[in-house]
Amino acid sequence: MRLVWRRGAMRLVLVSAIAWAMLVLVALAFHLWSCSSSVAFLSALCKKDSKVLSVLDSMGLSSKPLHRCPIPVVDDPNAVAIPKRTPNTIVKKLSYITVDKQDKDPSPLFGGRQSWKQREESFKLNSTMKVHCGFMKNSGVDMDSVDVKYIQKCKFVVASGIFDGYDIPHQPSKISHRSQKLFCFLMVVDEVSLDFIEKNTTVKIDKAGGKWVGIWRLITVHRLPFDEPRRNGKIPKILTHRLFPQAWYSIWIDGKMELIVDPLLILERYLWRGKYTFAVAVHKHHRSIYEEGDAIKRRKRYARPLVDLQMKMYYYEGMQPWSPKKRMPSDVPEGAVLIREHTTMTDLFSCLWFNEVNLFTPRDQISFGYVVHRLGDALKFLMFPNCEYNSLFILHRHTREHSSKVEWAKTIDEIVKKGLKETRGGLGLWTPYPADLSSVELPAVKRTSPAG
């Protein structure tokens with residue numbers, strides 16, 4: 001009886017395994033067929049990031065084409081000639097407001113209390129300008145003295161940042177010996193991320209007390225100024241020139257990215273060759289900020305009514321949807337890579353961009369195009385093809401997904417009643433706007449991309 005039972009159980013297990021394998025193969029076959037199906041509903045299944053296709057990719061059974069193309073860089077970093085710095089022409093002197101006269105708070109807001117009038121004046125270009133640009137006196141983002149001393153020597157910077165423990169540093173590859181000596185690789189982290197990194201990778205401490213993960217010098221910032229980790233991450237990203245004031249050139253990459261191109265070749269390709277001072281990639285899917293705003297709402301990346309409010313302000317102020325008639329190939333960038341020469345004009349652009357992020361939503365891809373629109377032809381910058389952007393780095397997943405309750409709010413009343421309103425950022429959304437927006441209707445958006 002035992003022998004019969006064992007044989008029967010083995011047959012049952014074998015039959016079950018075969019049936020399960022057949023079921024998996026049928027499901028995969030259906031999924032792959034649906035991708036090329038002419039039936040709209042079926043083909044739509046493949047337009048999102050598919051976990052099934054990801055599994056097939058890892059098994060080598062299927063692969064989604066990488067949106068990459070060769071970058072026309074020179075072959076030898078040692079052959080790159082570093083040019084003279086670009087002279088300051090339109091804006092020759094730029095300084096920053098560090099104290100708001102009307103602010104009596106001993107712990108002021110990091111972005112200050114910019115009025116609507118000050119915001120409007122900041123877009124009027126003069127040879128000498130003074131604007132809000134974060135880093136208000138006693139507002140936070142303090143660095144350790146050992147790091148302050150270290151960054152004083154950094155003229156060429158590759159910068160990145162990790163906040164709230166969402167990533168670990170990824171080591172750049174293909175970095176020439178010349179670039180290793182020329183560039184400072186600076187990874188800005190908060191205390192939570194430093195603790196996470198120390199627990200999950202090797203952190204070395206040099207004789208001066210500096211902390212390193214491979215080529216990255218960890219720059220710890222204290223007293224974070226915003227409630228949202230995403231807003232805190234915008235400080236080193238957008239205000240690189242304020243955090244590292246000695247820098248002549250900088251390349252920003254998001255913390256989840258692994259750089260795979262020599263930074264000297266990047267500067268030569270995207271700045272020096274065309275005599276640009278700012279370079280960023282075109283967004284893969286969207287050209288109009290209204291398309292981007294619609295996608296943000298679909299993906300629930302910030303409260304929908306607040307995204308709408310920001311876009312209504314921009315539309316009221318003359319920001320039209322992108323069209324081929326515009327001088328730029330897109331109003332929406334892939335903001336994970338920013339390449340800059342720190343001229344006064346580039347620094348002013350960064351300040352104005354940050355001020356919009358500080359006043360409104362932290363979704364910087366919406367406000368980028370608006371600031372470009374307001375400055376007109378004053379900033380000479382390059383928007384390069386998205387396929388080149390994807391050839392600059394390898395994208396890694398976050399260690400965990402970020403989410404906040406405000407992202408799911410459907411109405412402004414819900415935000416107020418549930419206490420979801422940010423207390424230190426986005427205050428422009430809650431300050432009475434100097435015009436009636438009730439009759440403003442946003443442009444219709446045709447959802448042509450699979451994003452979201």
Exercise. Under 3.5 Å, is there a donor-acceptor pair linking the side chains of D413 and T411?
Worked result: no

For this session: Report yes if the side chains of M143 and I151 come closer than 4.5 Å at any heavy-atom pair, otherwise no.
Result: yes

Exercise. Should the heavy atoms of other residues, nucleotides or ligands under 6.0 Å from NZ of K153 be counted, would the total exceed 12?
Worked result: yes

Exercise. Does some side-chain heavy atom of F278 sit less than 4.5 Å from a side-chain heavy atom of V372?
Worked result: no

Problem set entry | Non-hydrogen side-chain atoms of P263 and F156 separated by less than 4.5 Å | no

For this session: Write down the atom of P305, the atom of I415, and the distance for their closest heavy-atom approach.
Result: CG-CD1, 4.3 Å

For this session: Check A159 against W216 and note the closest heavy-atom contact, atom names and distance.
Result: C-CZ3, 4.5 Å

Problem set entry | Side-chain (T201) to main-chain (I197) donor-acceptor, under 3.5 angstrom | no

For this session: Using a 4.5 Å cut-off on heavy atoms from C-beta on, say whether the side chain of I266 contacts that of V73.
Result: no

Exercise. Are D294 and R298 close enough for a salt bridge, meaning some N to O gap below 4.0 Å?
Worked result: yes

Problem set entry | Donor on one side chain, acceptor on other, T220 and D147, under 3.5 Å | no

For this session: Check for a donor-acceptor pair, side chain of S160 on one end and backbone N or O of I253 on the other, with a separation under 3.5 Å.
Result: yes

Can you give each donor-acceptor pair under 3.5 Å made by side-chain atoms of residues 186-194, sequence neighbours left out, with the distance rounded to 0.1 Å?
{"from": "D190", "atom 1": "OD1", "to": "D164", "atom 2": "N", "distance (Å)": "3.4"}
{"from": "D190", "atom 1": "OD1", "to": "S193", "atom 2": "N", "distance (Å)": "2.9"}
{"from": "D190", "atom 1": "OD1", "to": "S193", "atom 2": "OG", "distance (Å)": "2.6"}
{"from": "D190", "atom 1": "OD2", "to": "D164", "atom 2": "N", "distance (Å)": "3.0"}
{"from": "E191", "atom 1": "OE2", "to": "H222", "atom 2": "ND1", "distance (Å)": "2.5"}
{"from": "S193", "atom 1": "OG", "to": "I162", "atom 2": "O", "distance (Å)": "3.1"}
{"from": "S193", "atom 1": "OG", "to": "D164", "atom 2": "N", "distance (Å)": "3.1"}
{"from": "S193", "atom 1": "OG", "to": "G165", "atom 2": "N", "distance (Å)": "2.8"}

For this session: Could I get the full list of side chain to side chain contact (heavy atoms under 4.5 Å, CB included) partners for A279, not counting sequence neighbours?
Result: Y270, L271, I339, L382, F384

For this session: Look only at the side chain of K237 and the backbone of L338, and say whether a donor-acceptor pair between them is shorter than 3.5 Å.
Result: no

Problem set entry | Any side-chain heavy-atom pair of F360 and L309 under 4.5 Å | no

Exercise. Is a side-chain donor or acceptor of Q246 paired with a backbone partner of K155 at a separation under 3.5 angstrom?
Worked result: no

Exercise. Has the side chain of W252 got a donor or acceptor atom that lies under 3.5 Å from a matching backbone atom of G161?
Worked result: no

For this session: Could you tell me whether the side chain of D331 and the main chain of S288 form a donor-acceptor pair under 3.5 Å?
Result: no

For this session: Using a strict cut-off of less than 4.0 Å between a Lys/Arg side-chain nitrogen and an Asp/Glu carboxylate oxygen, indicate whether E422 and R231 qualify as a salt bridge.
Result: yes

Problem set entry | Residue that, paired with E292, satisfies side chain to side chain donor-acceptor pair (under 3.5 Å) out of R363, K297, R287, H286 | H286

For this session: Would you please name every residue forming a side chain to side chain donor-acceptor pair (under 3.5 Å) with Y316, sequence neighbours left out?
Result: none

Problem set entry | Residues D227 and R424 bridged, charged N to O under 4.0 Å | yes

Problem set entry | Electrostatic pair E121:K124 at N-O distance under 4.0 angstrom | yes

Exercise. V261 versus R269: any side-chain heavy-atom pair under 4.5 Å?
Worked result: no

Seminar exercise, completed: The side chain to side chain donor-acceptor pair (under 3.5 Å) partner of Y314 among K312, E317, Q310 is Q310

Exercise. Any Lys/Arg nitrogen of D308 or R304 sitting under 4.0 Å from an Asp/Glu carboxylate oxygen of the other?
Worked result: no

For this session: Look only at the side chain of R242 and the backbone of C133, and say whether a donor-acceptor pair between them is shorter than 3.5 Å.
Result: yes

Problem set entry | Aromatic centroids of F349 and F368 separated by under 6.0 Å | yes

Problem set entry | Check ion pair E356-R119 (N to O, under 4.0 angstrom) | yes

For this session: Please name all residues satisfying ring pair (Phe, Tyr, Trp, His ring centres under 6.0 Å) with Y150, sequence neighbours left out, ordered by chain then number.
Result: W212

For this session: Spell out, as yes or no, whether a donor-acceptor pair under 3.5 Å connects the side chain of N358 to the backbone of F354.
Result: no

For this session: Tell me whether the guanidinium CZ or amine NZ of R374 lies under 6.0 angstrom from the six-membered ring centre of F123 and within 45° of its axis.
Result: yes

Exercise. When you check the side-chain N and O atoms of S250 and T240, is any donor under 3.5 Å from an acceptor?
Worked result: no

Exercise. For Y276, which residues count as a ring pair (Phe, Tyr, Trp, His ring centres under 6.0 Å) partner, sequence neighbours excluded?
Worked result: none

Exercise. Does any non-hydrogen side-chain atom of P333 lie less than 4.5 Å from one of M383?
Worked result: yes

Exercise. Does the side chain of D254 come within less than 4.5 Å of F393's, by heavy atoms?
Worked result: no

Problem set entry | Donor-acceptor contact present, side-chain S330 to main-chain H283, <3.5 Å | no

Problem set entry | Donor-acceptor contact present, side-chain S391 to main-chain C69, <3.5 Å | yes

For this session: List for me each residue that meets ring pair (Phe, Tyr, Trp, His ring centres under 6.0 Å) alongside W430, sequence neighbours excluded, and say none if there are none.
Result: none

Exercise. Going by atom types alone, do S122 and H132 pair a side-chain donor with an acceptor below 3.5 Å?
Worked result: no

